[in-house]
Each structure stands twice: as C-alpha cells, then as structure tokens.
Amino acid sequence: MSIVRPADVQPVEGFNFVGFNKKLGHRMVAWRPGYIELAIEVRPDLMNASGVVHGGVLMTLLDAASGLSASFEGPDKPRKFCRTLSFTTQFVNPGRAGTLTVRAQRRSAGRVTFICEAEIVDEQGELIAVGTGMYRQIQKQSGVQPPARETD
C-alpha cells in the first residue's frame, strides 16, 4: 500500500486536537475529502526502551488519521465523529528521529461504516508502519455528564 498525496489537498492550520490526541502532540497538515495528513516531531517521551518510537504511538497516529480521513469535512465545518471497530497494523521499520508524516485515506464507505488505510513515513520517505481500520460514524454526546455516584 502506498498512499499518494492528492494534488488538490489544502493546508490546515490551527486545528486543535483534544484529550489524548492533544497530549500526543501531532498536528493536522493537509486535508481533502477522504484524505488527511498529520505530522509529529519525534520526542524522547515517544520512544520505547530500545530507542525507537513506541508501537502504541504509531498505532495511535494511524488510527487517528484514518478516522479523520473519513470524518473531517474541513476546518470551517462542524466536526463529525467515528468509533474504531477494528484496526490492523504492520510495523515495517523503526521510527527514530525527526518528523513522521501520517497519510490516511478512506477506501470504502457505507451508510454508517467505512474502511480506511494509513501509512507513516519518515523524513527520508522510508515506510515505518501501515494500518487498515473499520469505523462507524457516531453522534457525539452533547456535553451531558454522567450522574454523580453516591458515596457512603
């Protein structure tokens, strides 16, 4: 699998991730319907004991980009949300330093489920990891908090 950057991608600046995605520190670089591109600077806290990017970080990047490729409709439109139903990852080469680029694209879509593919490359264009996932579009809860638990 090789994901080619479409000629009509548009740059995205200032997209704010929340929660775990914000903590991870990746940023959205480019977008078009059905395609997304993220980037992350490799930091020491993203490495494992062997001195390479932790597999969980790589999987998170692949999953995040995949879901966004089918649910993000542009910086000026309301955000859609999806839930990962399954995800398969293959680690090809170790990620070591510099900037990693994640490209993802929607491959097929039904009414509420869709399949996406993603890949991570380093600054030299070397393939680091690939993944394929199935997602379900969901309605985000409208800020309703769960009821407080009573304590004894």
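- No side-chain heavy atom of Val92 sits under 4.5 Å from any side-chain heavy atom of Ile128.
- Here the side chains of His54 and Met47 are not in contact, with every heavy-atom distance at 4.5 Å or above.
- Residue Gly133 comes nearest to Phe87 through the heavy atom pair CA-CD1, 3.4 Å, listed as atom of the first residue, atom of the second, then distance.
- Note: the hydrophobic cluster containing Ile3 does not contain Ile120 (ILVMFWY, side chain heavy atoms under 4.5 Å, direct or indirect links).
- One finds the CZ atom of Arg83 at 13.5 Å from the OG1 atom of Thr113 (value rounded to the nearest 0.5 Å).
- Taking all atoms of both residues into account, the shortest heavy-atom contact from Leu61 to Val102 is O-CG1, 3.7 Å.
- In this structure, Glu117 CD and Ser108 OG are separated by 9.0 Å, a value rounded to the nearest 0.5 Å.
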Verdict with reasoning, Tyr135 to Cys116, per side chain to side chain contact (heavy atoms under 4.5 Å, CB included): CA-CA 8 Å; Tyr135 299 83; Cys116 299; 4.2 Å; yes
Give the intermediate values and the outcome of side chain to side chain donor-acceptor pair (under 3.5 Å) for residues Tyr35 and Glu37. CA-CA 7 Å; Tyr35 174 88; Glu37 195 169 295; 2.5 Å; yes
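- In the hydrophobic clustering of this structure, Val42 groups with Leu58; members are Ile, Leu, Val, Met, Phe, Trp, Tyr whose side-chain heavy atoms approach within less than 4.5 Å, directly or through other members.
- Applying the side-chain hydrogen bond (donor to acceptor under 3.5 Å, both in side chains) test to residues at least two apart or on different chains, the pairs with a partner in residues 8-18 are Asp8-Arg32.
- Arg136 and Phe114 make their closest contact through C-CE2, 4.5 Å (heavy atoms, listed as atom of the first residue, atom of the second, distance).
- Using a 4.5 Å cut-off on side-chain heavy atoms (C-beta onward), Leu62 and Thr89 make contact.
- Ion pairing between Arg27 and Glu41 holds under the 4.0 Å rule for side-chain N and carboxylate O.
- Nearest heavy-atom pair across Cys82 and Gly67 is SG-CA, 3.7 Å.
- One hydrophobic cluster, built from ILVMFWY side chains closer than 4.5 Å, cannot hold both Val29 and Leu100; they sit in different ones.
- Counting only heavy atoms from C-beta outward, the side chains of Val121 and Arg103 approach each other to under 4.5 Å.
- Between Phe15 and Phe72, the ring-plane angle classifies as perpendicular under the 30° and 60° cut-offs.
- The two residues Gly51 and Arg96 have their closest heavy-atom pair at O-NH1, 4.5 Å.
- At a threshold of 4.5 Å between non-hydrogen side-chain atoms, the residues Phe91 and Met59 count as touching.
- Residue Arg43 qualifies as enclosed at atom CZ: its count of foreign heavy atoms under 6.0 Å is above 12.
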Report the C-alpha distance between Phe81 and Ser71 in whole Å, list the side-chain angles of each, state the deciding distance to 0.1 Å, and finish with yes or no for side chain to side chain contact (heavy atoms under 4.5 Å, CB included). CA-CA 6 Å; Phe81 295 90; Ser71 63; over 6 Å; no
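- Using a 4.5 Å cut-off on side-chain heavy atoms (C-beta onward), Glu119 and Leu127 make contact.
- Here the options are Thr88, Leu85, Thr84, the test is side-chain contact (heavy atoms from CB on, under 4.5 Å), and the partner is Met134; only Leu85 passes.
- At a threshold of 4.5 Å between side-chain heavy atoms, the hydrophobic network of Ile, Leu, Val, Met, Phe, Trp and Tyr places Ile40 and Leu38 in one connected group.
- The side-chain heavy atoms of His26 and Asn21, taken from C-beta on, include a pair separated by under 4.5 Å.
- Contact annotation: the side chain of Ile36 approaches that of Met28 to within less than 4.5 Å [non-hydrogen atoms, C-beta and beyond].
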